[in-house]
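Position 1 is the first residue of the sequence; numbering continues from there. None of the values given here were measured: they were computed from a predicted structure.
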Amino acid sequence: MSPLLLLFVISTASGDGTSKSSPQQYLTLKAAKSAGVKEEPAFEIVDLYPLNHYTKVVNNSVSNITGQIGSSVFLPCRTQHSLERQVSWVRRRDWHILTSGLTSYTKERRFSVHHPEGSTEWTLAVKYLTLDDAGTYECQISGGAGMVSQLSILTVVVPQAVIPGNGEYHVDTGSTISLTCFIEKSRVAPLYIFWYHNSRMINYDQERGGVVVHMETEPRVMSRLTIADARPSDSGNYTCDADNTEAASITVYITQGNKIAAIKPRGVNHGSLLQISVGVIFVTAIFEHFFLTIFIRRSFMNIPSLIPLPD
């Protein structure tokens, strides 16, 4: 296989296609890729020309693409002629050449170009999205009219599980536990939503019994967990989770009615209570009479006599 010459644009254009003060330049690379070599080819800089060395470069489109982490996205690129072969995809973050024509120049097999025979579509497919895949991708189309650049700005979102409430759920013993979990920012509904009790998955819990999980995808993606006949062993942490989703947790408290009764004073014999009360009153009356008598006697002894005594 003969060496492959590639022509790329080095640009300081921002994500919306507008250019900054720094001039654009063309970078001509030669890919020394031999037949049967599977490793990523080494590129050799052949020429570095200013923009006016070639005809003008046009950023004629900017596409905003949003993909969910773990899923696949397709970045569009369309040429004017079906026979055009000088189409390349470049990742702006590190100026990595991903594909040129139908050939891939990356070890990551998550990237590939889709070009049906005879069509004008050169779609870059990215599988198993990660947060690092977010950024700007450039499709460069080289032809007789010059270089056309089409930008795709990729945003990667992470679905989040949300359990309404303040993080706590209280229920009485014997009642039904009912927890609801919503999956937000989900562009593709998950196949399953799992519930965990203290790190143990309980969707199909046959040992406990009375556990039911119901899932809906319209109008919102949600899952409802119900547990019949709540018991003290059901208390603890409950977590809602799905594939490629930030999990949410809530703490369940089981209130036992007999605990409230346990803090009340035990019942007593009212007859005994009456006898004790009468005894206390009687003793108190004796002490009051005793101290009052002493007080009166001492008071009269200190008062001068108002009746004159006979000589």
- Please answer whether the main-chain N or O of Trp122 pairs with a side-chain N or O of His115 as donor and acceptor at a distance below 3.5 Å. no
- Query: If Ile, Leu, Val, Met, Phe, Trp and Tyr residues are connected whenever their side-chain heavy atoms lie under 4.5 Å apart, and connections chain through other members, are Val156 and Ile65 in the same group?
  - Reply: yes
- Out of Thr180, Ile163, Ile202, which one pairs with Leu225 under the side-chain contact (heavy atoms from CB on, under 4.5 Å) rule? Ile202
- Message: Could you report the tightest heavy-atom contact between Lys127 and Arg109, atom names first, then the distance?
- Response: CE-O, 4.1 Å
- Show your working on side chain to side chain donor-acceptor pair (under 3.5 Å) between Thr130 and Asp133 and close with a plain yes or no. CA-CA 5 Å; Thr130 67; Asp133 292 329; 3.3 Å; yes
- Query: Between Ile250 and Leu179, is any pair of side-chain heavy atoms under 4.5 Å apart?
  - Reply: yes
- Do you know the tightest heavy-atom contact between Cys240 and Ile193? SG-CG2, 3.5 Å
- Query: Transitively linked via ILVMFWY side-chain contacts under 4.5 Å: Phe194 with Ile183?
  - Reply: no
- Message: Would you say Leu75 ends up clustered with Val148 if hydrophobic residues are merged whenever their side chains have heavy atoms under 4.5 Å apart, either directly or through other cluster members?
- Response: yes
- Checking Ser119 side chain against Pro116 main chain: does a donor-acceptor pair fall under 3.5 Å? yes
- Would a distance-only check, ignoring hydrogens and angles, find a side-chain to backbone donor-acceptor pair under 3.5 Å from Asp241 to Ala161? no
- Using the side chain to side chain donor-acceptor pair (under 3.5 Å) rule, take Asn237 and Thr239 through it: C-alpha gap first, then chi angles, then the decisive distance, then the call. CA-CA 7 Å; Asn237 178 271; Thr239 300; 2.9 Å; yes
- Does a donor on one side chain sit under 3.5 Å from an acceptor on the other, for Ser223 and Trp195? yes
- Is there side-chain contact between Phe111 and Arg91, with heavy atoms separated by less than 4.5 Å? yes
- Item | Distance-minimising heavy-atom pair for Ser175 and Val171 | CB-CG2, 3.5 Å
- Task: Answer yes or no: is there an ion pair linking Glu207 with Arg200, defined by an N-O contact shorter than 4.0 Å?
- Result: yes
- With the side chain counted from C-beta on, respond yes when Trp89 and Cys77 share a heavy-atom pair under 4.5 Å apart, and no when they do not. yes
- Message: Strictly distance-based, threshold 3.5 Å: is any side-chain N or O of His214 a donor or acceptor partner for the main-chain N or O of Met222?
- Response: no
- Query: Are Ser104 and Thr99 close enough that a side-chain donor and a side-chain acceptor fall under 3.5 Å?
  - Reply: no
- Relative to the ring of His114, is the ring of Phe74 parallel (under 30°), tilted (30 to 60°) or perpendicular (over 60°)? tilted
- Task: Answer yes or no: is there a side-chain heavy-atom contact under 4.5 Å between Thr79 and Val87?
- Result: yes
- Message: Test your reading of the model: is there a side-chain donor-acceptor pair from Gln68 to the backbone of Pro159, 3.5 Å cut-off?
- Response: no
- Message: I'd like to know if the side chain of Tyr169 reaches the main chain of Ser178, judged simply by a donor and an acceptor atom lying under 3.5 Å from each other, with no hydrogens or angles considered.
- Response: yes
- Are side-chain heavy atoms of Leu151 and Ser61 found at a separation under 4.5 Å? no
- Of Thr66, Leu124, Thr136, Leu129, which is the lone residue that meets side-chain contact (heavy atoms from CB on, under 4.5 Å) with Leu154? Leu129
- Side-chain heavy atoms of Tyr128 within contact of Ile69, under 4.5 Å: no
- Task: Flag yes if more than 12 heavy atoms outside Arg208 fall under 6.0 Å of its CZ atom; otherwise flag no.
- Result: yes
- Item | Side-chain heavy-atom pair Tyr253, Glu168 within 4.5 angstrom cut-off | yes
- Item | Any Val213 side-chain heavy atom under 4.5 Å of Tyr204 side chain | no
- Message: What I want to check is whether the side chains of Gln140 and Ser149 have a donor and an acceptor closer together than 3.5 Å.
- Response: no
- Query: With no hydrogens and no angle check, do the side chains of Thr245 and Asp243 hold a donor and an acceptor under 3.5 Å apart?
  - Reply: no
